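Letters A, B, ... are given to chains in the order of the sequence lines, protein chains preceding strands, and every chain is numbered from 1. Remember, it's a predicted structure, so these values are computed and weren't measured experimentally.
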Amino acid sequence: GNSVTQMEGPVTLSEEAFLTINCTYTATGYPSLFWYVQYPGEGLQLLLKATKADDKGSNKGFEATYRKETTSFHLEKGSVQVSDSAVYFCALSARGGYQKVTFGIGTKLQVIP
Amino acid sequence: DTAVSQTPKYLVTQMGNDKSIKCEQNLGHDTMYWYKQDSKKFLKIMFSYNNKELIINETVPNRFSPKSPDKAHLNLHINSLELGDSAVYFCASCRQADTEAFFGQGTRLTVV
């Protein structure tokens with residue numbers, strides 16, 4: 001079956017530090033890959049996505065590249081802000097059929113001033 | 001307009017009660033889900049519906065029963081609530097399997 005392995009948190013960074021959250025996946029076929037963000041007290045919202053190998057998703061200064069050879073989709077941001085404090089979920093979903101979206105365990109990021 | 005809305009946002013109830021959570025999406029999506037998020041933020045899928053038809057039913061106690069009166073609505077009814085049912089329940093929808101999912105704001109269920 002499909003699975004997503006995501007680094008455990010919490011991750012604590014100072015403002016303007018560089019962020020990497022690792023994510024690797026196992027899937028049959030060629031899934032679409034996503035990063036979702038959950039701010040305190042809110043639901044999940046899509047941060048970025050990539051639908052095929054070597055695609056780079058980007059949004060709000062965050063980036064992730066779909067690496068088929070290493071089955072990875074690591075999230076990066078060059079300079080984090082306090083407002084980036086949230087829980088980040090890596091996820092995948094498969095093409096065709098009606099399969100579920102599979103989520104990683106979530107990584108809590110805390111950015112301190 | 002809210003894309004995926006679920007009600008209530010908070011629900012506090014006693015053990016043994018029966019309760020329902022409602023979900024509606026106005027995106028025209030065919031697929032809807034219920035997820036349970038525990039206190040450690042882990043998200044576990046419970047059910048998936050496509051065009052009112054049950055597609056995925058993960059290992060969930062049969063006290064949980066989803067109902068989809070039409071493809072824009074997916075309600076969750078829970079019988080005989082237990083302390084362990086306390087969690088945040090999220091409804092979500094997507095256009096098709098490989099596209100992004102849109103989430104509701106969540107329902108925080110507390111069983112006392």
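Proximity of a side-chain donor or acceptor of A:Tyr36 to a complementary backbone N or O of B:Glu100 within less than 3.5 Å is not detected.
A:Gln38 has its side chain out of reach of B:Phe103: every pair of non-hydrogen atoms, C-beta onward, lies at least 4.5 Å apart. In this structure, B:Leu43 and A:Leu44 have side chains that are in contact, with non-hydrogen atoms separated by less than 4.5 Å.
Two rings, from A:Phe103 and B:Phe42, have their centers 6.0 Å or more apart.
Summarising the geometry, atom CD belonging to A:Gln45 is positioned 8.5 Å from atom CD belonging to B:Gln105; distances are rounded to the nearest 0.5 Å.
A continuous path of Ile, Leu, Val, Met, Phe, Trp and Tyr side chains, each step under 4.5 Å between heavy atoms, connects A:Met7 with A:Tyr88, placing both in one hydrophobic cluster. Residues B:Phe64 and B:Leu81 share a hydrophobic cluster, clusters being chains of Ile/Leu/Val/Met/Phe/Trp/Tyr side chains in contact below 4.5 Å. Residue B:Leu54 is not grouped with residue B:Tyr33 when hydrophobic side chains (ILVMFWY) are merged at heavy-atom distances under 4.5 angstrom, including chains of intermediate members.
With a 4.5 angstrom heavy-atom cutoff, A:Ile105 touches chain B via backbone and side-chain atoms both. Looking at B:Gln37, only its side chain comes within 4.5 Å of chain A, counting heavy atoms on both sides. Of the atoms belonging to B:Phe102, not a single heavy atom falls under 4.5 Å from chain A.
The neighbour count for A:Glu69 CD, taken as heavy atoms of other residues, nucleotides or ligands under 6.0 Å away, is above 12. Residue-environment remark: CZ (A:Phe18) exceeds the threshold of 12 foreign heavy atoms within 6.0 Å. The environment of A:Glu42 atom CD is dense: over 12 non-hydrogen atoms of other residues, nucleotides or ligands sit within 6.0 angstrom. For B:Lys71, the NZ atom counts as densely surrounded, since its 6.0 Å shell holds more than 12 non-hydrogen atoms of other residues, nucleotides or ligands.
For the residue pair B:Ala101 and A:Val101, the shortest heavy atom distance occurs at CB-CG2, 4.4 Å.
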